[in-house]
Protein chains: 2
Amino acid sequence: MAKPSKENTPITEHLAYLLAQANREINRQLELRLSKEGVPVEQWRILKVLSDGNGHSMGELADAVLLNHPTLTKMIDRMVSDTLVYRVQDPNDRRKVLMFISDRGKVLCKKLNSLAVDQEEHILESYGDKSTSELKRLLESLIDSSN
Amino acid sequence: MAKPSKENTPITEHLAYLLAQANREINRQLELRLSKEGVPVEQWRILKVLSDGNGHSMGELADAVLLNHPTLTKMIDRMVSDTLVYRVQDPNDRRKVLMFISDRGKVLCKKLNSLAVDQEEHILESYGDKSTSELKRLLESLIDSSN
DNA sequence: TTGAAAATATTGAATATTCAAGAATTGAAG
DNA sequence: CTTCAATTCTTGAATATTCAATATTTTCAA
């Protein structure tokens with residue numbers, strides 16, 4: 001009798017794969033909506049984090065928007081060119097740069113938020129209220145347990 | 001009284017964000033393990049899919065391993081150089097290329113599988129058996145409902 | 001049968017990301 | 001104080017990904 005080994009389980013049953021697949025699909029849908037405003041998902045995240053009006057350092061921001069440090073720097077360069085955000089050197093620690101959202105950024109962020117909400121509603125409809133909140137809960141707890 | 005609008009919900013409560021965050025974290029952990037063999041996660045996926053011994057067309061494979069078509073082509077080029085896989089033209093439809101895993105690929109795949117299983121066990125320990133299977137179930141159903 | 005449209009895979013140029021190194025500032029130990 | 005390590009951000013080169021175009025083969029309608 002063969003040892004019942006986990007090594008042969010199909011890839012579609014691995015948690016890492018299911019997460020990647022679900023993320024890819026949901027992200028693709030969101031991307032599609034946001035493309036109406038010509039903005040990549042990551043820029044929406046940045047605007048949303050900055051829309052509390054406070055200054056956020058690059059390091060803080062990189063964590064929050066799930067981007068590597070150098071990637072964020074270059075994306076921020078573009079957003080500064082588009083006058084969506086601006087840099088201010090942190091007076092308390094001059095190694096740091098504080099990012100702020102501009103008025104133009106705020107206007108854009110509002111539009112993007114409503115596109116993103118559209119998507120969430122669409123998911124709620126096809127996937128169900130209960131499943132959605134349960135899934136969110138489980139994801140949060142997975143993230144917590146991974147730190 | 002202000003309209004209770006969803007537009008202001010913090011990004012950390014969006015399903016798309018939670019999925020991205022969880023995926024990033026779990027993927028990072030898996031990447032770390034697989035790096036012991038110097039293999040990116042996508043190559044493990046490819047080997048795993050091919051390890052049924054059957055030929056898989058590039059299109060089929062691209063879907064299965066969550067890669068765009070041109071990206072897959074170039075990754076397969078590398079894996080062919082490393083003699084992990086090989087191409088055969090499909091005799092029944094000469095537009096297609098069938099991919100097969102080599103013996104060397106099989107040996108590597110076994111090692112990678114065990115590294116991946118390590119990770120799943122580690123998740124099971126810290127996150128719990130019940131949560132894990134419930135999360136998998138919900139992810140599968142989300143993916144289903146998105147098609 | 002022929003010719004146009006669809007399907008499949010690859011290529012090359014443009015773009016984006018990453019890795020490793022660098023510059024500037026702060027912290028802290030001696 | 002001064003110097004050396006740590007922190008923060010950016011840069012440049014190397015690498016990887018993507019988009020649009022191409023080549024090949026098949027399908028199917030006329």
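Residue numbers begin at 1 in each chain, while the letters A, B, ... track the order of the sequences. Just so we're clear, the structure is a prediction, and the values are computed from it rather than from any experiment.
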Legend entry - Given DNA chain C, 5'-ward residue of the pair A/Arg94 and A/Arg78, judged by closest heavy atom: A/Arg78
Inset, instruction - Name the first nucleotide and the last nucleotide along DNA chain D (5' to 3') that come under 4.0 Å of a heavy atom in chain A. - result: D/dT7 to D/dA13
Legend entry - Nearest-angstrom distance from the residue atom CG of B/Asp77 to P of C/dA9: 14 Å
Inset, instruction - Would you kindly give the CE-to-P distance between B/Met79 and C/dT10, to the nearest whole Å? - result: 14 Å
Inset, instruction - State whether B/Ser57 places a side-chain N or O below 4.0 Å from either non-bridging phosphate oxygen (OP1 or OP2) of C/dT8. - result: no
Inset, instruction - Counting heavy atoms from C-beta on, name the nucleotide in C/dT25, C/dA20, C/dA9 closest to the side chain of A/Arg95. - result: C/dT25
Legend entry - pair A/Tyr86-A/Ile101: side-chain heavy atoms closer than 4.5 Å: no
Legend entry - Test: A/Glu140 and A/Arg137 ion pair at under 4.0 Å: no
Legend entry - B/Lys136 bridged to B/Glu120 by N-O distance under 4.0 Å: yes
Inset, instruction - Please state how far atom CG in B/Leu61 lies from atom P in C/dT8, giving the value in whole angstrom units. - result: 14 Å
Legend entry - Residue B/Lys74, side-chain heavy atoms: nucleotide from C/dA7, C/dT11, C/dA9 that is nearest: C/dT11
Legend entry - Atom-pair distance (NE2 on B/His69; P on C/dA7), nearest Å: 13 Å
Inset, instruction - Return the value, rounded to whole Å, for the distance between atom CG of A/Asp93 and atom P of C/dA24. - result: 16 Å
Inset, instruction - Identify whether the distance between the nearest side-chain nitrogen and carboxylate oxygen of B/Asp103 and B/Lys106 falls below 4.0 Å. - result: yes
Pairs under 3.5 angstrom only: tabulate donor-acceptor contacts from the side chains of residues 29-42 of chain B to other protein residues two or more places apart or in another chain.
from	atom 1	to	atom 2	distance (Å)
B/Gln29	NE2	B/Glu25	OE2	3.1
B/Ser35	OG	B/Leu32	O	2.6

Inset, instruction - Between B/Lys96 and A/Gln89, just flag the one whose closest nucleotide in DNA chain C comes earlier from the 5' side. - result: B/Lys96
Legend entry - Heavy-atom pair of closest approach, residues B/Thr71 and B/Leu67: CG2-CD2, 4.2 Å
Inset, instruction - Rounded to the nearest angstrom, tell me the gap between atom CG in B/Leu98 and atom C1' in C/dA9. - result: 12 Å
Inset, instruction - Determine the sole option in B/Val85, B/Leu108, B/Leu50 for which the side-chain contact (heavy atoms from CB on, under 4.5 Å) test with B/Met79 is passed. - result: B/Val85
Legend entry - Phosphate OP1/OP2 of C/dT10 contacted by B/Arg87 side-chain N/O (<4.0 Å): yes
